Q: 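Take a look at this one; I'll ask things after.
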Amino acid sequence: MKKLSTLLSAIPDCQCYGNKDILISTLQFDSRKVTEKNTLYIAQKGTQVDGHQFINKAIAQGATAIVCETLPENRSENCTYIQVKNAATALGELASAFYDFPSRKITLVGVTGTNGKTTTVTLLYHLFMSLGYPTGLISTIVNKINHVEIPALHTTPDALALNQLLNEMVVAGCEFCFMEVSSHAIVQQRVAGVHFAGGVFSNITHDHLDFHQTFANYIKAKQQFFEMLPNTAFALTNVDDKNGKIMVQSTKAKVYTYSLRTGADFKGKIKDNSFNGLTCEFNGTEVYFKLCGKFNAYNLLAIYGTALLLGMKEDEVLLAMSKLEGASGRFQTLRDHRNRTFIVDYAHTPDALKNVLSTIKDILENSADVITVVGCGGDRDALKRPVMAETACTLSNKVILTSDNPRTEDPHKILADMEVGIPVAFKQHVLTIENRREAIKTACHLLPDNGVLLIAGKGHETYQEINGVRGHFDDVEEINKILNME
């Protein structure tokens, strides 16, 4: 239980109407979850629903205090009303105060960018655990408190769930936490009131324009994360990305850089790249890593820089990093007795797909066939669909277009959008097979000895969502079934 006046100290610009001295037992922003007395209900104006419409319902179900942007015309005498300019921001700040500011009691580092977030935070988690530090993880795939796994419902949890999770990490003795920070979460103020010790920028490419509308808005969303960092934090940015410096131009944090191409605080160079791993030189020291690909060299360089900025010893960091395995569904590789290579990757943007296929081509030196199975998600940015198909065709010998997660969209419409991007001269090398299982089977049958099959788009996901219904589906599992039958 917290006194309302104590919570309101986190949002000093609010206007309070009623008794500030009441006790609050829980916070809710979904009126359906208001089930007990002494609840503080935060009415947010969402993209689909306006929480102000459910204020009376929340009061009827036990809410004794309401945070809102617009005061109701008829107010209950038994309820305290708090008017704020932005309820989403207030929710984050109140949630932080309710859980006694957990982000200030743990060293929290956020990673943002289009590609590489999951791999970077996952490897940072494993790195710090291997160095002996109790560590938390908040990622697209899973959340972890030391060794305890908690399912991840969103890339970045809502403000209430986030602060509750951070508080549980503090209680469990975690000293560090590494989390993905999505552009949606930044715009929706899910990280408002959260204290970050550092922020990392990976890269930014075409994605999420269904939500942000323009690429400029997408860039601005990422910038906002660095603008919220305090002057005690660090901001580590990839200066090989043309927007790397723009990301941190308004931050109060101390800026550090990493690069594979130019001078930087953390300078890397790829010495050797194969399916077996990478040999790189980081700030003059040569190290072997189990991960492969130029894109992973960037991820590893960001991890190296972050660890050193957090005070870790360089020799211990590099030794531990050399033992790290990749994240599930991120360039996950399987081999068979015919020397064929099967790669499952989450690549679901044109740039990510280009990175993965370019890595395959670089390793093969164009000496083997590459077949790509790829689709695009429904109810998401449709502009990237033809670009995804064109990218796959440009860097593959054969392409099979198939369903990803159609969600509520017609899969035929998604595939038709993709087919627009097929180069005319390449059409004879493209098949369209809507059923993903059949597409993977066909690709395996077509793959010659020594060939490489890339199955892109779903990566770690173990489901496929069709007509709004999720059913079990795992790309790695499908490949193993086929290989076990051969």
Side-chain angles (χ1 to χ4, degrees), residues 108-128 135-144 152-157 162 165 176-188 190-191 194 196-208 211-212 218-219 221-226 228-229 234-238 240-241 243-244 247-248 258 291 293-307 309 324-332 345-356 377 380-381 384 456-461:
L108 177 65
V109 175
V111 178
T112 196
T114 305
N115 303 310
K117 297 189 298 295
T118 301
T119 296
T120 301
V121 297
T122 302
L123 293 180
L124 277 166
Y125 161 81
H126 286 298
L127 171 63
F128 276 69
T135 306
L137 170 68
I138 301 174
S139 77
T140 300
I141 299 176
V142 68
N143 300 322
K144 288 189 176 184
L153 300 178
H154 302 283
T155 298
T156 309
L162 175 58
L165 187 56
F176 295 91
C177 175
F178 302 100
M179 70 174 284
E180 294 186 52
V181 181
S182 70
S183 57
H184 291 67
I186 296 164
V187 172
Q188 294 169 351
R190 284 185 237 160
V191 290
V194 175
F196 287 91
V200 181
F201 170 70
S202 60
N203 52 65
I204 190 164
T205 59
H206 185 117
D207 199 18
H208 302 307
F211 179 80
H212 296 289
Y218 183 36
I219 291 173
K222 299 291 188 185
Q223 280 179 305
Q224 288 175 19
F225 170 62
F226 292 96
M228 70 175 282
L229 294 178
F234 68 81
L236 178 60
T237 187
N238 174 11
D240 289 349
D241 186 286
N243 289 296
M247 281 295 140
V248 295
Y258 66 99
L291 285 75
K294 186 178 180 180
F295 62 97
N296 269 325
Y298 277 107
N299 295 334
L300 290 162
L301 195 52
I303 292 158
Y304 167 73
T306 299
L309 290 172
L324 294 175
E325 305 279 353
S328 173
R330 266 62 176 180
F331 213 88
Q332 188 170 347
D345 194 89
Y346 189 54
H348 62 286
T349 67
D351 192 65
L353 185 61
K354 181 182 177 182
N355 286 340
V356 173
R380 298 292 187 271
D381 184 2
K384 70 181 180 183
K458 288 174 57 60
H460 64 281
E461 293 177 349

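Positions are given from 1, in the same order as the sequence printed here. Everything numeric in this text was worked out from a predicted model, so none of it was measured.
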Q: Apply side chain to side chain donor-acceptor pair (under 3.5 Å) to K144 and list each qualifying residue two or more places apart in sequence or on a separate chain.
A: none
Q: Mind checking the OG-CG spacing from S139 to L124? Nearest 0.5 Å is all I need.
A: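 Going from OG on S139 over to CG on L124, the span is 12.0 Å.
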Q: Hey, mind stepping through I138 and T156 against side chain to side chain contact (heavy atoms under 4.5 Å, CB included) and telling me if it holds?
A: CA-CA 7 Å; I138 301 174; T156 309; 5.8 Å; no
Q: Do H184 and R190 touch side chain to side chain, with heavy atoms closer than 4.5 Å?
A: yes
Q: Under the salt bridge (Lys or Arg N to Asp or Glu O under 4.0 Å) rule, collect the residues that match up with K222, sequence neighbours excluded.
A: none
Q: Indicate whether the side chain of N299 and that of N296 have a donor and an acceptor atom separated by less than 3.5 Å.
A: yes
Q: Checking E325 now: which residues fulfil side-chain contact (heavy atoms from CB on, under 4.5 Å) with it, not counting sequence neighbours?
A: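 Partners of E325 under the side-chain contact (heavy atoms from CB on, under 4.5 Å) test: K290.
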Q: Just jot down the side-chain contact (heavy atoms from CB on, under 4.5 Å) partners of A152, sequence neighbours excluded, or say none.
A: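 By the side-chain contact (heavy atoms from CB on, under 4.5 Å) rule, A152 matches N143.
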Q: Evaluate the side-chain proximity of L137 to V121: yes if any heavy-atom separation is below 4.5 Å, no if none is.
A: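 A side-chain contact under 4.5 Å exists here.
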Q: Check the pair K384, H348 against side chain to side chain contact (heavy atoms under 4.5 Å, CB included), reporting the backbone distance first and the verdict last.
A: CA-CA 9 Å; K384 70 181 180 183; H348 62 286; 4.0 Å; yes
Q: Taking only residues two or more places apart in sequence, or in another chain, which ones meet T118 in a side-chain contact (heavy atoms from CB on, under 4.5 Å)?
A: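 For T118, the residues satisfying side-chain contact (heavy atoms from CB on, under 4.5 Å) (neighbours in sequence not counted) are T122, T140, I141, E180, R330.
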Q: Between Y258 and Y304, is the ring centre distance below 6.0 Å?
A: no
Q: If you define the side chain from C-beta out and look only at heavy atoms, does anything of F234 sit under 4.5 Å from T306?
A: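 Side-chain contact under 4.5 Å: yes.
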Q: Taking the ring of F295 and the ring of F331, is the distance between their centroids below 6.0 Å?
A: yes
Q: Do M247 and T112 touch side chain to side chain, with heavy atoms closer than 4.5 Å?
A: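 They are not in side-chain contact.
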Q: Would you please indicate if the ring centroids of Y125 and F178 are separated by under 6.0 Å?
A: no
Q: Quick one: list whatever passes ring pair (Phe, Tyr, Trp, His ring centres under 6.0 Å) with F196, sequence neighbours left out.
A: F225
Q: So, do M179 and V191 sit near enough that their side-chain heavy atoms are less than 4.5 Å apart?
A: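 M179 vs V191: side chains touch.
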Q: Would you give the length of the straight line joining atom CG of L324 to atom CD1 of I303, rounded to the nearest 0.5 angstrom?
A: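 Going from the CG atom of L324 to the CD1 atom of I303 covers 7.0 Å.
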Q: Of all the heavy-atom pairs spanning I204 and D241, show the shortest one and how long it is.
A: N-OD2, 3.0 Å
Q: How many angstroms lie between CG in N243 and CD1 in I219, if you round to the nearest 0.5 Å?
A: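 One gets 4.0 Å once the value is rounded to the nearest 0.5 Å.
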Q: Can you name the closest pair of heavy atoms from A307 and L127 and give their distance?
A: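 Minimum heavy-atom separation between A307 and L127: CB-CD2, 3.9 Å.
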Q: With a 4.5 Å heavy-atom cut-off, do L291 and L123 have their side chains touching?
A: yes
Q: Taking all non-hydrogen atoms of both residues into account, name the closest pair between P157 and L162 and its distance.
A: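 That would be CB-N, 3.9 Å.
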Q: Would you sort out whether N115 and T205 count as a side chain to side chain contact (heavy atoms under 4.5 Å, CB included), showing the intermediate values?
A: CA-CA 8 Å; N115 303 310; T205 59; 3.7 Å; yes
Q: Of all heavy-atom pairs between S183 and Y218, which one has the smallest distance, and what is that distance?
A: OG-CE1, 3.4 Å
Q: Looking only at heavy atoms, what is the nearest atom pair of G244 and T237, with distance?
A: O-OG1, 2.7 Å
Q: May I ask you to test the Y346-H460 pair for a side-chain heavy-atom distance under 4.5 Å?
A: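 Of all side-chain heavy-atom pairs linking H460 with Y346, at least one is under 4.5 Å.
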Q: Looking at K117 and G113, would you say the former's side chain and the latter's main chain have a donor-acceptor pair under 3.5 Å?
A: yes
Q: Within the structure provided, determine whether Y298 and S202 are in side-chain contact (heavy-atom separation under 4.5 Å).
A: no
